Amino acid sequence: MEEKRLIRKQIFAARKQCADEQVEEWSRQLTERVIRLPEFLQADRVMAYADYNHEVMTRFIIEEAWKSGREVAVPKVVGKDMVFYRLTDFSQLAPGYFGIPEPTEGETVDWTDALMIMPGVAFDRENHRVGYGGGFYDRFLEKHPDIQRVAVAFDFQILDQVPTEPTDICPQIIVTQSNIYRNALPKGGLINE
Ligand SMILES: Nc1nc2c(c(=O)[nH]1)N(C=O)[C@@H](CNc1ccc(C(=O)N[C@@H](CCC(=O)O)C(=O)O)cc1)CN2
Ligand SMILES: Nc1ncnc2c1ncn2[C@@H]1O[C@H](COP(=O)(O)OP(=O)(O)OP(=O)(O)O)[C@@H](O)[C@H]1O
């Protein structure tokens, strides 16, 4: 869809403009919110992603998860699917699909009950999500309905409205450096924490 293409273009440009230090600072702030969520505290398993190109850095969330004894996995693209591999050290990652850091080898996991930290390009306050357009998360989540979905994004990735499709699976919670959006509340209500 043309509108999604324009949104991706706009957000990629904004992400590119951010200084590395800014991305890191916001990612650290956002991590503090994520690790205080009851959903995170209750999770034994965290399905994260390995960031690239100024996405929200997941390194601090992953380190916190390890520190508190939680298991962590990250995705690798295999054909049209994502396969999650257990991650115990960042040295297990190497540039893969479109240069995204991916696990090179190791143990795959098939968790049905876990907390997922989702990436995304843009979101709106009703928790609709636009990704890179591969449909990887929608296809994976369709098969894993019990996985809790927490998206992470910078404030500039939250738009008034983003286009949706019937196959989209939205995050239940979006965390930015300054807000938490929960779609269980009316109109995806805003909670300041
Ligand atoms: N860090 C990270 N890992 C992830 C995702 C993600 O969003 N972030 N994914 C989430 O699905 C999956 C990979 N999905 C992708 C889907 C399409 C393209 C792609 O076509 N990239 C091109 C064009 C980008 C564009 O301009 O639209 C490129 O990078 O050149 C890349 C990744 C799995 N791993
Ligand atoms: N459950 C599904 N089954 C089959 N096709 C799907 C499914 N979910 C999405 N698709 C298709 O995948 C394509 C990309 O979907 P979409 O634009 O929503 O990707 P995205 O969520 O932005 O990307 P990503 O999840 O990779 O970040 C679309 O053509 C869509 O119809």
Side-chain angles (χ1 to χ4, degrees), residues 1-18 20 23-24 26-27 30-31 34 46-63 65 72-87 90 92-104 106 108-111 114-124 126-154 156-159 161-172 174-176 183:
M1 201 200 291
E2 178 68 2
E3 198 184 344
K4 280 198 187 179
R5 203 181 61 83
L6 289 172
I7 287 173
R8 290 187 183 109
K9 210 172 148 187
Q10 175 205 330
I11 299 292
F12 290 157
R15 257 182 7 195
K16 220 172 179 173
Q17 294 244 314
C18 293
D20 293 351
V23 168
E24 178 168 338
W26 285 339
S27 299
L30 195 152
T31 298
V34 170
V46 178
M47 300 172 85
Y49 65 91
D51 60 274
Y52 86 131
N53 281 352
H54 284 186
E55 290 179 311
V56 169
M57 292 170 68
T58 50
R59 159 174 296 269
F60 313 117
I61 298 174
I62 292 172
E63 284 171 346
V72 176
V74 295
K76 182 186 178 89
V77 172
V78 178
K80 290 196 96 170
D81 292 314
M82 288 193 292
V83 176
F84 280 79
Y85 283 70
R86 188 186 302 279
L87 189 76
F90 292 113
Q92 292 156 349
L93 300 171
Y97 190 72
F98 281 109
I100 298 175
E102 291 187 330
T104 44
T108 64
V109 300
D110 193 13
W111 298 337
L115 179 89
M116 178 175 271
I117 304 290
M118 290 171 81
V121 176
F123 300 87
D124 66 25
E126 288 176 51
N127 286 24
H128 300 129
R129 169 182 179 273
V130 174
Y132 289 137
F136 289 101
Y137 275 88
D138 296 329
R139 282 192 303 273
F140 184 87
L141 289 166
E142 191 184 24
K143 293 182 222 131
H144 297 83
D146 295 328
I147 290 177
Q148 292 247 24
R149 308 179 297 276
V150 177
V152 289
F154 300 124
F156 67 77
Q157 293 175 272
I158 311 294
L159 308 181
Q161 205 172 15
V162 302
T164 58
E165 280 174 61
T167 47
D168 287 344
I169 299 184
C170 304
Q172 288 133 340
I174 304 170
V175 180
T176 71
N183 71 359

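Whatever order the structure lists ligands and atoms in, that order sets their numbers, starting from 1. Owing to the predicted nature of the structure, the values given are computational and were not obtained by experimental measurement.
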Ligand 1 versus Met82, non-hydrogen atoms closer than 4.0 Å: side chain, backbone, both, neither?
-> side chain
Who's the nearest protein heavy-atom neighbour of atom 27 (O) of ligand 2, and how far?
-> Arg129 NH2, 2.8 Å
Please report the closest heavy-atom contact between Ala122 and Ile7, naming both atoms and the distance.
-> CB-CG2, 3.5 Å
May I ask which of Phe98, Tyr132, Phe140 has a heavy atom nearer to atom 21 (N) of ligand 1 than the others do?
-> Phe98
Please could you name the atoms of ligand 2 that Glu165 approaches to less than 4.0 Å, counting only its heavy atoms?
-> 17 (O), 30 (C), 31 (O)
From CG (Asn183) to CD (Gln172), nearest 0.5 Å | 7.0 Å
For ligand 2, does Arg8 get within less than 4.0 Å through its side chain, its backbone, both, or neither, judged by non-hydrogen atoms?
-> side chain
Quick one: look at Glu55 and ligand 1, take heavy-atom pairs under 4.0 Å, and tell me if it's side chain, backbone, both or neither.
-> side chain
Can you check whether Phe136 and Tyr97 have ring centres sitting under 6.0 Å from each other?
-> yes
Residue Lys4 vicinity, atoms of ligand 2 by number, heavy atom under 4.0 Å | 16 (P), 17 (O), 18 (O)
Among Tyr52, Tyr97, Phe12, which one has a heavy atom closest to atom 29 (O) of ligand 1?
-> Tyr52
Should you measure from each heavy atom of Tyr137, which atoms of ligand 1 turn up under 4.0 Å away?
-> 9 (N), 10 (C), 11 (O)
State plainly whether the residues Glu142 and Arg139 are in salt-bridge range, i.e. N to O under 4.0 Å.
-> no
Counting only heavy atoms on the protein side, is anything nearer than 4.0 Å to atom 23 (C) of ligand 1?
-> no
Counting heavy atoms only, which part of Val121 comes closer than 4.0 Å to ligand 2: side chain, backbone, both or neither?
-> neither
Between Ala48 and Tyr137 the two heavy atoms that sit nearest each other are O-OH, 4.5 Å
Ion pair check, Lys143 and Asp138, cut-off under 4.0 Å = no
Atoms in ligand 1 with a heavy atom of Tyr49 nearer than 4.0 Å = 1 (N), 2 (C)
Residue-ligand contact Ala50/ligand 1, heavy atom below 4.0 Å | yes
Proximity winner for atom 10 (N) of ligand 2, if only heavy atoms of Val162, Asp168, Thr167 are counted = Thr167
Identify whether the distance between the nearest side-chain nitrogen and carboxylate oxygen of Glu165 and Arg129 falls below 4.0 Å.
-> no
Within 45° of the six-membered ring axis of Phe90 and under 6.0 Å from that ring's centre, is NZ or CZ of Arg59 located there?
-> yes
